[in-house]
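Everything below concerns the one structure shown next.
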Protein chains: 2
Amino acid sequence: MNLNQLELLRVLQETDFNLSRAAEKMHVVQSAVSRQLQLLEAELGSSLFERHGKRLLGLTPLGERIIREVDQIHKAKKNIQSMADDFRDNRNGALHVATTHTQAKYLLPMPVKNFREKYPGIKIYMVQSSPDDLIELLHKHEADIAICTEKLAEVDDLILRPCYQWHHVAVVPTGHPLADGKLSLERLAGYPILTYSPGFTGRSAIERAFGEAGVQPDIVLAAADSDVIKTYVRLGLGVGIIAETSYEPGKDADLVALDLSALIAPSTTKIAYLKQLYLPSYCRYFIDELLKQAQANKH
Amino acid sequence: MNLNQLELLRVLQETDFNLSRAAEKMHVVQSAVSRQLQLLEAELGSSLFERHGKRLLGLTPLGERIIREVDQIHKAKKNIQSMADDFRDNRNGALHVATTHTQAKYLLPMPVKNFREKYPGIKIYMVQSSPDDLIELLHKHEADIAICTEKLAEVDDLILRPCYQWHHVAVVPTGHPLADGKLSLERLAGYPILTYSPGFTGRSAIERAFGEAGVQPDIVLAAADSDVIKTYVRLGLGVGIIAETSYEPGKDADLVALDLSALIAPSTTKIAYLKQLYLPSYCRYFIDELLKQAQANKH
DNA sequence: TTGCGTTACGACTCTCGTAAGGATG
DNA sequence: CATCCTTACGAGAGTCGTAACGCAA
């Protein structure tokens, strides 16, 4: 048994149990992985994959169990590498951040700028994705940290750090009737609503608020980002509901933002990363910068 | 980086960072481990060991961290082996049980007998040791399961399964004055006491009972096993306090057992094993037998 | 026929063991 | 001077790549 053979199991799982593609991923010829797999199975004395003829179809029950251990080993190995790189003051690492549009646009810019200055050698990769995907990206080790508001509570192999709390605002063109008088969910629901896609940026809090009030909003546009929403608000499609941070007084002077903190429960944006993985110091620095930025935004 | 190099780190820790002895343990010549260690340190880019000249003195901070990951890897690797062996219905395994005298003599015999019949190919190794050592044996992977009453609560990487609850009895020769009338801790303390060594078989419960009563017993003999205690009780050295299960009505007809359940809190004997290690099916069978035996003893 | 996996064989790399050498207490 | 670690070098084991073959969609 050796690390390459165990790695092969992981790669096979990621390639639909296709030896040829696994070989490609591992930068060896196909016959090599074929032999290594045979050797491993021979050593363990049982087959780890269900087969149809020569083709691999999936894992056997034993294979399932073993691959869980392989994942542990893979994580530990990664940790050893990261720690050594970190200790050596390696300035050639990479930071993979997965987040949603809202955070990428309104929270990350300053932290990223500071990070670039402090760690010019570290490449920053940002993946913008849906909250559903973020957790998966962490688990696949394709992201080091994820920043988002929704969907980050269910899993327990993550460390979750609350970053900042915010509330929603309604945005309407200046002169819109809603801008006067007292706001209520009922009045809001009297207009077509434009807001985030399900699963994005506090959408669940919006739904909960309307649901508990027994009001059925007419959501005519659901977008992944605030800019799209604002664009259509400008076109007069209806009332936008976006995160307060997404309203920019300067650029959005033609829009009015109406505080909804009394009507819709606040949302908390969190930072998440895998509990079992070692976080290099530059990663910790980035998280600290995010928290600092979140503090600054409050004032 | 490969598994042997990582294993070397573990072995070095166990051999006081002595390359020569580590080489012996790994069944290779000393120059081989020297080179492998150099290769690993070169690959990671930092040294993992504090050195004084050529000699290794201990781990660097980085080495400390890395070895924790190495332990994870070692456990996972062991699990893979165990699972494969178990799945293949391997009848050539071994069961390492660590326990104290009392359990070895009064709880284990039947379970061991049943185990031998069901798994004749599995060798049973029993290590008798002090409760202090048992946990260490588990951590060093020199024991699969530990059975004992004391000291099994503090660590959280163990799974603890309560096995049975029992209380102490006082044993005196027939005709001893204590055999008549009402027992109390004060009366007991009027005689020399013979009981277990600190840390053994509920000794802590005995101390707590006397301590809370404000009575200072005169413990003239502290032994690791009940048989020694009974022997000296027979010689008239004083009153023995032993586990109820250690009093055998047949063999011990010349002694009287006096129930102390009202005076000394009951003790619970537990089975412990490492949370992160895979338990082969024969191991689980043995644990089941122990629990069954504990049930049977109640009646 | 194409895609996928296995088997055979020669070349290369890696690791080991032997042996000699240097440092430390 | 005994113990411990390192270095040099040749032998052997292990792994890879090429290539030819078998099998199924």
Side-chain angles (χ1 to χ4, degrees), chain A residues 1-60 62-63 66-67 70 73-74 77 80-81, chain B residues 1-60 62-63 66-67 70 73-74 77 80-81:
Chain A
M1 189 192 318
N2 62 46
L3 286 172
N4 274 333
Q5 290 171 339
L6 299 183
E7 181 68 13
L8 172 58
L9 297 186
R10 288 189 59 256
V11 174
L12 275 170
Q13 205 181 26
E14 288 174 1
T15 53
D16 274 330
F17 313 106
N18 180 316
L19 282 189
S20 309
R21 277 198 286 150
E24 215 173 315
K25 267 207 177 185
M26 299 190 72
H27 309 291
V28 288
V29 294
Q30 186 268 351
S31 73
V33 305
S34 176
R35 238 173 308 119
Q36 289 304 319
L37 181 57
Q38 286 171 30
L39 287 173
L40 180 62
E41 290 189 321
E43 183 182 343
L44 295 179
S46 326
S47 72
L48 307 179
F49 293 90
E50 304 283 5
R51 286 175 166 80
H52 186 283
K54 294 179 174 179
R55 249 157 252 220
L56 306 184
L57 297 178
L59 290 160
T60 60
L62 175 63
I66 285 185
I67 209 143
V70 170
I73 291 178
H74 182 248
K77 187 182 147 199
I80 291 175
Q81 294 281 11
Chain B
M1 188 191 321
N2 62 46
L3 286 172
N4 275 332
Q5 291 171 338
L6 299 183
E7 181 69 12
L8 172 58
L9 298 187
R10 286 189 61 254
V11 174
L12 275 171
Q13 206 182 24
E14 287 174 2
T15 54
D16 274 328
F17 312 105
N18 181 314
L19 283 188
S20 309
R21 278 198 285 148
E24 215 173 313
K25 266 208 178 185
M26 297 191 73
H27 309 291
V28 288
V29 295
Q30 185 268 352
S31 74
V33 304
S34 176
R35 239 171 306 117
Q36 288 305 317
L37 181 57
Q38 286 171 30
L39 287 173
L40 180 61
E41 289 189 322
E43 183 181 344
L44 295 179
S46 328
S47 73
L48 307 179
F49 293 90
E50 304 283 4
R51 287 176 166 79
H52 186 280
K54 293 181 176 178
R55 247 158 256 219
L56 306 184
L57 296 179
L59 291 160
T60 60
L62 175 63
I66 285 185
I67 208 142
V70 170
I73 290 179
H74 182 248
K77 187 181 145 198
I80 291 175
Q81 293 282 11

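What you are looking at is a predicted structure, and each value in this text was computed from that prediction instead of being measured. Letters A, B, ... are given to chains in the order of the sequence lines, protein chains preceding strands, and every chain is numbered from 1.
Each end of the helix from C/dT1-D/dA25 to C/dG25-D/dC1 gets its own axis from five base pairs, and the two axes differ in direction by 30°, given to 10 degrees.
The interatomic distance linking B/Arg21 (CZ) with D/dC4 (P) rounds to 8 Å, in whole Å. Atom CD of A/Glu24 and atom C1' of C/dG5 are 15 Å apart (whole Å). The nearest whole Å value for the distance from the CG atom in A/Asp16 to the P atom in C/dG3 is 17 Å. One can place CG of B/Asn2 at 14 Å from C1' of C/dT13, the figure rounded to the nearest angstrom. One atom, CG of B/Leu8, and another, P of C/dT15, lie 13 Å apart when rounded to the nearest Å. Between B/Met26 atom CE and C/dG17 atom P the separation is 11 Å, expressed in whole Å.
Judged as a side chain to side chain contact (heavy atoms under 4.5 Å, CB included), and not counting sequence neighbours, the contacts of B/Arg35 are B/Ser31. For A/Gln13, the side chain to side chain contact (heavy atoms under 4.5 Å, CB included) criterion is met by A/Phe17, A/Leu59, A/Ile67, not counting sequence neighbours. Checked against side chain to side chain contact (heavy atoms under 4.5 Å, CB included), A/Asp16 has the following partners two or more places apart in sequence or in another chain: A/Arg21.
Here CD1 of B/Ile66 is found 5.0 Å from CG of B/Leu44. Values are rounded to the nearest 0.5 Å. Between the CG atom of A/Leu8 and the OG1 atom of A/Thr15 there is a distance of 8.5 Å, given to the nearest 0.5 Å. In this structure, A/Leu9 CG and A/Phe49 CZ are separated by 5.0 Å, a value rounded to the nearest 0.5 Å. From B/Gln5, atom CD reaches atom CD of B/Gln38 across 11.5 Å, with rounding to the nearest 0.5 Å.
The phosphate of C/dG25 (OP1 or OP2) has a side-chain N or O of B/His52 nearer than 4.0 angstrom. For C/dG5, one of the phosphate oxygens OP1 or OP2 lies less than 4.0 angstrom from a side-chain nitrogen or oxygen of A/Asn18.
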Can you pull every protein N or O that's under 3.5 Å from an N or O on nucleotides 6-9 of chain D?
unit_1, atom_1, unit_2, atom_2, d
D/dT6, OP2, B/Ser34, OG, 2.4
D/dT7, OP2, B/Gln38, OE1, 3.2
D/dT7, OP2, B/Gln38, NE2, 3.3

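Looking at heavy-atom distances under 4.0 Å, A/Asn4 makes no contact with the nucleic acid at all. Counting any heavy atom pair closer than 4.0 Å across all strands shown, B/Phe17 reaches sugar-phosphate atoms only and no base atom. A/Val29 comes within 4.0 angstrom of a base, heavy atoms only.
Between A/Arg55 and A/Gln5, the residue whose closest nucleotide on DNA chain D is further toward the 5' end is A/Gln5. Nearest-nucleotide positions on DNA chain D for A/Gly53 and B/Ser20 put B/Ser20 closer to the 5' end.
Of the candidates D/dC16, C/dG3, C/dG17, the closest approach to any side-chain atom of A/Ala32 belongs to D/dC16. Looking at the side chain of B/Gln36, the nearest of the listed nucleotides C/dG5, C/dG25, C/dC16 is C/dC16.
For B/Ser34 (side chain) and B/Gln30 (main-chain N/O), no donor-acceptor pair under 3.5 Å exists by modelled atom type.
A/Gln36 approaches A/Asn2 most closely through the heavy-atom pair OE1-ND2, 4.4 Å.
Applying the side chain to side chain donor-acceptor pair (under 3.5 Å) rule to pairs touching residues 40-59 of chain B yields B/Glu41-B/Arg51, sequence neighbours excluded.
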